Amino acid sequence: MTPPDEIVLTLPDGSERRVPAGTTPLAVAASIGKRLAADAVGAELDGRPVDLRLPLARGGRFRIFTTKSPEAGEFVRHSAEHLLADAVRRLWPESEYDAGRQDHSEKFQYDFRFPRAFTPEDLERIEETMRAIAAEDAPFERVEVSRAEAETIFREKGFTLKLERLRDIPEGETITLFRHGGFVDLCRGPHVQRAGQVGAVKLLEASGVYFKGDERNERLQRIYGTAFVTAEQLEAYEQAAAEARARDHRRLGPELDLFSFNPLAPASPFFHPKGAAVYTRLIDYVRELNQKNGYGEVVTPQILDVELWHTSGHWDNYRENMFFTELDERQYAVKPMNCPTHCLIYKTAKRSYRDLPIRYADFGRLHRYERSGVTSGLTRVRSFAQDDAHVYCTDEQVEAEVLRAVGIILEIYRTFEFTDVAIGVGTRPQKRVGADEQWDVAEAALCRALDNNGLAYSLNEGDGAFYGPKIDFRVRDAIGRQWQLGTVQLDYQLPQRFDLEYVAADGAAHRPVMIHRAMLGSVERFFGILIEHTAGAFPLWLAPVQAAVLPLSERFLDYGLEVARRLRARGLRVEVDDSNEKLGYKIRRAQLAKVPYMLVVGEKERAAGTAAIRLRTGEDLGPLPVEGLAARLARQVELRGAALPAAGEIG
RNA sequence: GCCGGCAUAGCUCAGAGGUAGAGCAACCGCCUUGUAAGCGGUAGGUCCUCGGUUCGAAUCCGAGUGCCGGCUCCA
């Protein structure tokens, strides 16, 4: 039995420690070891970070993080945040700080009331001051205060922003302050022990923001930064950032001649032949899956009478994002989504329950007027296509249809080697339509579809669309960034708005459920993500140029053309480098274009009917018979394999 | 949409109140080439657009457009 005033902490090694309730993590650390206590930066109770100075009210799984722990960074960045605010106040005593950041997994930030934008020179000075503050090594102190005490402190400083923040804290909640040196701020923590544990800090950028993110509020100046225990970790972070920059699809796309943008059509990509080759192959792939899964592809108009958009609800809810045009005194809108047109097709016949589910797939071009400033590369555009589909089915069919969509989605992600897939279920939001009973059924159907197939997911309360709950799929790319791709959404609204019906076995009219699903999301956006995921080195089946034939000199051009012809006969996309350059130069050029296979042909190869194969990985496979190579590559394309066949697999 | 920054050759960038520069790419020629840049030459600019200041503007000022980073929003 544990006495009521004792708590039990389970340490990482499985051992248990009984300590009086109210003991701080730091005291626990000290009882374990002097060194541990000295190096501690934070603790964790049942997976939640806790401050070292927090009196523990209950027990649980308990860990101490030290400067050596990978998790130390979060504590360090949170503390660096306070150093930032401290530094700005030291440099500009008339400034006022607002609040920091919630998520310290990578960055920290603070907002300031400041009369102008911070300049790069400002950031340098602030960074230096932060280092000086860290060198002072003042201990962080945690203080619980009454509301009145907190108010007095910030009123004396003239911090009106803080006073408002204070008012936002619900009555009865503990108000904690953190101090280091002469600095104090409202903060829940957790923080490191001493300022000196902030070993390496880098300010990244500054920008203007609104107080509490609301445009009607006062404008503040935000500074972003990151921090680590050691300079080596900071350097690793900067290297990772450089890697991300090198993979930026906005750079690689034009560089690889995949697409371009033109100011005459802002945020609307122009896909060049090479980019369109990839684009259309992505669609071909989905088209194949659609066909296998019983989705019938439809083609629907681009421009429709606004009456349709009144019916669908887009006029009321989505007008700001739509393009309009008027002709013959009739108002039209360019479609931003396919669903309403599919509803019109549904209504062209009297539907029976025997017809359901009806599945319409559509790669139609969509246009959305995105506010300037939110567009970016291929990830957020005004002209795009989705691998869209809408399923009309009965309530009983929902689960199976959801599962069908989920199955295709997971298959697609495997093909692209997105191995880390996170699934989320978005439930009823505050602002919604439909009866709660209907939401109960819909949410349960989504969860059951996932549960019954052993798929783990997180519940994102209130994250559903206003017309129905949804499943979202997020994948992690090759350098660890998460992207939201696919989505499966239940919709009870549109069938009602369009008065869709089917005749059931009982002879009565019933309303079908509609399921929206996309797997790649927008093809444009997926393309962009894929470029960054692969750094532009597409798998063979997608590569715009799959093989480059490199004749050693003009004398072997004829043979090179012959080799290309034989590969093309197998459906492969091949280019022949007929330039008057040395081999090294041709290889460099093909390499920079990320062509998967380079086929060098010279005297020996011509005599033997072979080509010397070099992969873009740099691997040299030596000479291989052309015919076997062509067959093997064609097979790999057919399989949509992610990896390039290595030596021994070809020929 | 809001805040800040940027805009010079196809690309990357230098310059700066007094006739516009480099490297790479392009084009021409020489070389006939063996696994990431051979050599020489030629051409290429409304210095984003419009307006203003000035004897003179790519340069200074204003407005617009586009792009970039943030905010908000989102596939």
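All values below come from the heavy atoms of this structure, side chains included, with hydrogens, waters and symmetry mates left out. What you see is a predicted model, and the numbers here were worked out from it, not measured in a lab. The chains referred to below are lettered A, B, ... by the order of the sequence lines, with proteins before strands, and numbering in each begins at 1.
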Sugar-phosphate, base or nothing in reach of A:Val209, heavy atoms under 4.0 Å: sugar-phosphate
By side chain to side chain contact (heavy atoms under 4.5 Å, CB included) - contacts of A:Ala612 (at least two apart): A:Val600, A:Glu605
If the threshold is 4.0 Å, N to carboxylate O, is there a salt bridge linking A:Arg606 and A:Glu562? no
side-chain hydrogen bond (donor to acceptor under 3.5 Å, both in side chains) with A:Gln482: which residues, sequence neighbours excluded? A:Arg474
Suppose you measure atom P in B:rC11 against the same atom in B:rG45; what distance do you get, rounded to whole Å? 14 Å
Does A:Arg371 put a side-chain nitrogen or oxygen below 4.0 Å from OP1 or OP2 of B:rU72? no
Pick the P atom in B:rG21 and in B:rU42, then give their distance to the nearest Å. 15 Å
Who pairs with A:Val298 by side chain to side chain contact (heavy atoms under 4.5 Å, CB included), at least two apart in sequence or on another chain? A:Thr300, A:His342, A:Ile345, A:Tyr360, A:Asp362
When rounded to the nearest Å, what value does the distance between C1' atoms of B:rA20 and B:rU46 take? 13 Å
For atom C1', what is the distance between B:rA9 and B:rC27, given to the nearest Å? 15 Å
Would you mind classifying the nucleic acid contact of A:Val381 as base, sugar-phosphate or nothing, using non-hydrogen atoms under 4.0 angstrom? base
One thing to verify: whether A:Arg77 and A:Glu81 come together as a salt bridge, which I'm taking to mean a side-chain N less than 4.0 angstrom from a carboxylate O. no
Nearest-Å distance, CZ (A:Arg368) to C1' (B:rG1)? 18 Å
A:Thr427: what forms a side-chain hydrogen bond (donor to acceptor under 3.5 Å, both in side chains) with it, not counting sequence neighbours? A:Glu461
Under the rule for side-chain hydrogen bond (donor to acceptor under 3.5 Å, both in side chains), what residues qualify as partners of A:Gln489, not counting sequence neighbours? A:Tyr467, A:Thr487
Which of these passes ring pair (Phe, Tyr, Trp, His ring centres under 6.0 Å) with A:His533: A:Phe418, A:Phe527, A:Phe416, A:Phe538? A:Phe418
A:Phe384 stacking on B:rA75: centroids under 5.5 Å, ring planes under 30°? yes
List the protein contact pattern of nucleotides 35-41 of chain B with one symbol per nucleotide (5' to 3'): B for base contact, S for sugar-phosphate-only contact, - for none; contact means a heavy-atom distance under 4.0 Å. BBBB---
Salt bridge between A:Arg614 and A:Glu619, side-chain N to carboxylate O under 4.0 Å? no
For the C1' atoms, the ones on B:rG23 and on B:rG18, what distance do you get once it is rounded to whole angstrom? 28 Å
Are any protein N/O atoms closer than 3.5 Å to N/O atoms in nucleotides 5-11 of chain B? If there are, list each pair with its distance.
none

If you pin A:Ser522 and A:Val374 to their nearest nucleotides in RNA chain B, which one's is more 5'? A:Val374
How close or far is atom P of B:rG34 from atom CG of A:Leu599, stated in whole angstroms? 18 Å
Write down the distance separating the C1' atoms in B:rC71 and B:rU12, rounded off to the nearest Å. 31 Å
Sugar-phosphate, base or nothing in reach of A:Tyr369, heavy atoms under 4.0 Å: sugar-phosphate
List the residues meeting side-chain hydrogen bond (donor to acceptor under 3.5 Å, both in side chains) with A:Asp98, not counting sequence neighbours, and say none if there are none. A:Arg165
The correct set of residues in residues 411-422 of chain A placing a heavy atom under 4.0 Å from RNA chain B is none
Nearest atoms (heavy-atom pairs only) where A:Thr160 meets A:Arg113: OG1-NH1, 2.8 Å
With side-chain hydrogen bond (donor to acceptor under 3.5 Å, both in side chains) as the test, would you mind laying out the steps for A:Tyr237 and A:Thr226 before giving the verdict? CA-CA 9 Å; A:Tyr237 169 85; A:Thr226 190; 5.0 Å; no
Say you pick atom C1' in B:rC60 and the same atom in B:rU53; how far apart are they, in whole Å? 8 Å
Reading nucleotides 64-69 of chain B from 5' to 3' and marking B where a protein heavy atom lies under 4.0 Å of the base, S where only the sugar-phosphate is that close, and - otherwise, the string is --SSSB
What residues, two or more places apart in sequence or in another chain, satisfy side chain to side chain contact (heavy atoms under 4.5 Å, CB included) together with A:Glu370? A:Asn321, A:Arg368, A:Val374, A:Thr375, A:Arg380, A:Arg382
For B:rA43 versus B:rG10, give the span between their C1' atoms, rounded off to a whole number of Å. 13 Å
With sequence neighbours left out, what residues match A:Ala405 under side chain to side chain contact (heavy atoms under 4.5 Å, CB included)? A:Tyr295, A:Val488, A:Arg517
A:Glu255 near the nucleic acid: base, sugar-phosphate alone, or nothing, with a heavy-atom cut-off under 4.0 Å? nothing
Looking at every strand, decide which applies to A:Lys586 at a 4.0 Å heavy-atom threshold: base, sugar-phosphate, or nothing. nothing
Counting any heavy atom closer than 4.0 Å, what does A:Glu370 reach on the DNA or RNA strands: base, sugar-phosphate only, or nothing? base
Centroid separation A:Tyr279 to A:Phe271 less than 6.0 Å: yes
